[in-house]
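The chains referred to below are lettered A, B, ... by the order of the sequence lines, with proteins before strands, and numbering in each begins at 1.
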Protein chains: 2
Amino acid sequence: MKVNIYDVAKAANVSIATVSKVINNTGRIGDKTRKKVNDVIKELDYKPNLMASALMGKKTCTIGFILPDLANPFFSELARYVEDMASSFNYNVVICSTDYITEKEEMYVSLLLQKNVDGFILASGFESFEAIEKIQAMNIPIVLVARNAPGKQLNLVSINDYDAGFRATSYLIERGHQQIAIIARNIWSNRERYRGYADAMRKNGLVPMDEYYYAKESTIQDGFKSLQQIMKVSSIKPTAFFACNDLMATGAIKACKKLNLNVPEDISIIGFDNSIFAQIVEPALTTVEQPQREIATEAVQLLMNAINGDNAHQTITLKTKIIERETVKNLIL
Amino acid sequence: MKVNIYDVAKAANVSIATVSKVINNTGRIGDKTRKKVNDVIKELDYKPNLMASALMGKKTCTIGFILPDLANPFFSELARYVEDMASSFNYNVVICSTDYITEKEEMYVSLLLQKNVDGFILASGFESFEAIEKIQAMNIPIVLVARNAPGKQLNLVSINDYDAGFRATSYLIERGHQQIAIIARNIWSNRERYRGYADAMRKNGLVPMDEYYYAKESTIQDGFKSLQQIMKVSSIKPTAFFACNDLMATGAIKACKKLNLNVPEDISIIGFDNSIFAQIVEPALTTVEQPQREIATEAVQLLMNAINGDNAHQTITLKTKIIERETVKNLIL
DNA sequence: CTGAAAGCGCTAACAG
DNA sequence: CTGTTAGCGCTTTCAG
């Protein structure tokens, strides 16, 4: 039923070695032989079994992409671009959602390692190094996305979260806001953005909200709860919120509606990611853009280089940009 | 570096056959031997190479999930559930976006076939059977999602699109709307919804918009353009729109804003999918819910059954439900 | 230029 | 109960 290399060899009156050589364009093969073999291959519609060649040390042309949650548009868009780019190299990507659970990441990594994937893109944002070390122990290339790994020699592609947080906050301050709250989650990228936020506040003689993270997850729900929570506990009410992703910003906007606060008249909000949500919500969200396509492109490119033997470790930092829409009010007039 | 079955055998003073048996729980193995081997496995952190066992005819524990566009929230949510469910069977899923291009589907299918995936879930919604036939020729299980394949013996899971279209339209009619337009795309599911729409109209003595599809793609953009287009060309302006997915509905709402039409005061809109967008847009979208989680769950379950030798072909039709929110006005008071 | 043969890591008869 | 052995389908020296 399934035709293999022997069938081709037989039909072409050559040895399997010859067939293998014409398939892989290795060794020297006479023109007539090559043509003959190719004809037979076409005729029998022969497709080499990639598992078998993988067993012989060839690539599996598959990469693992590990992320927290595919339902988060930031990640699904990222995944889309990763997949696109990978496919341009004839690679497939198996996507794994960890659901923010470390054990799942390790489980997926183990499984994919057993399946001999050629490389990993890790966007799960975990603090633990278990998975990374497991992969490195097998000498498999990794690139980390939106995360750092101090003290590790790795490929990284990310934005400068500190800087982005600083600029988002400054943007608000420049527009006259003084009471600025932050909705963040306790993960590395958000902590960096918090640092940027706090420094921007202090630099302008303002006092940052203390290092208290209200959001458990980066969801609409948690953004919704966080804003209400902050409004409730603050003695001096914030006039602006910096939400560390668009989902939470969306939730924050919803919360404002519930509290009968108008955005941006009463409360200004700036988000993060510039995912599709930013254009959908009402009012349209002013937000910090992450160049997802570039992130994905660079990540895959780096991974491919590594897979093809490039042992250098690169860190690529991409630019962010504030996309002005309708959720920030200028208090200075 | 990488430990294999021989290393384990040697360290445990047994043959590789014995190791294989304890791993796979086949044959009879003495308790002490089993323990010994298991200890060594743990100690050496041995993980069987799944490619090798796949070569021997075992499963790869990988399925291919082919969809049009991972950036469409309906599909990313679906993918999320598929992945979740698959992972509960210890399966990985490689996700492929066809971008609505038939050739890409075939290309992906070929590639994954060469990689010996155990099964496919096809949600790409194509009309062509090439890919399906290719897969069937290899005797690999498939389940089709959100699509039909008349005359084919296949596993199917979908909703009743005709019925859903009929009910969505009736919902509008019951609320007094008479000029109802539809925004659809020329794919099977949308045509079915159109049929339902048209029948509901006629049944109530109304005249359906003619079978003219304005949307090239199921995107926000195309929904935006379609509504404007329809408003421009209609002699009697519609009071309600039935958009065949939430993305297009979102675009339609945006278009209304641009045309200075209020939703739902001037124009009512009903969407389809009940993706996350429906809750985000303003006003919140009344829409027909597709039970994505169930679709995914059933699809994976069916596929697993098939992979495990169940040769029956099942068709599962899931229920839809109209989720009432704020975009439909009741004209009858 | 082409083929024979070894072997990748594993499973599955079949002996013992 | 355990080991030997023959492959799965392919790549890759190494002879010829």
Examine the side chains of A:Lys115 and A:Thr60 and answer whether a donor and an acceptor come within less than 3.5 Å of each other.
no
Give a yes or no on whether B:Lys36 atom NZ has more than 12 heavy-atom contacts from other residues, nucleotides or ligands under 6.0 Å away.
no
Can you tell whether the side chains of B:Asp84 and B:Arg80 come within less than 4.0 Å, N to carboxylate O?
yes
Separation between CD1 (B:Ile121) and CG (B:Asn155), nearest 0.5 Å, reads 10.0 Å
Would B:Lys2 and B:Asp7 pass as an ion pair if we require N to O under 4.0 Å?
no
How far does CE of B:Met138 sit from CG of B:Asn116, to the nearest 0.5 angstrom?
7.5 Å
Encode nucleotides 8-13 of chain D as B, S and - characters from 5' to 3', where the letter depends on protein heavy atoms closer than 4.0 Å: B to the base, S only to sugar-phosphate, - to neither.
BBBBB-
Rounding to an integer number of Å, can you tell me how far B:Lys10 NZ sits from C:dG9 P?
12 Å
Mind running a 4.0 Å heavy-atom check of residues 28-44 of chain A against DNA chain D and sending the residues that fall below it, in number order?
none
Under a plain distance cut-off of 3.5 Å, with no hydrogens placed, do A:Asp273 and A:Gln290 share a side-chain donor-acceptor pair?
yes
Counting neighbours of NZ on A:Lys35 that are heavy atoms of other residues, nucleotides or ligands and sit closer than 6.0 Å, is the number greater than 12?
no
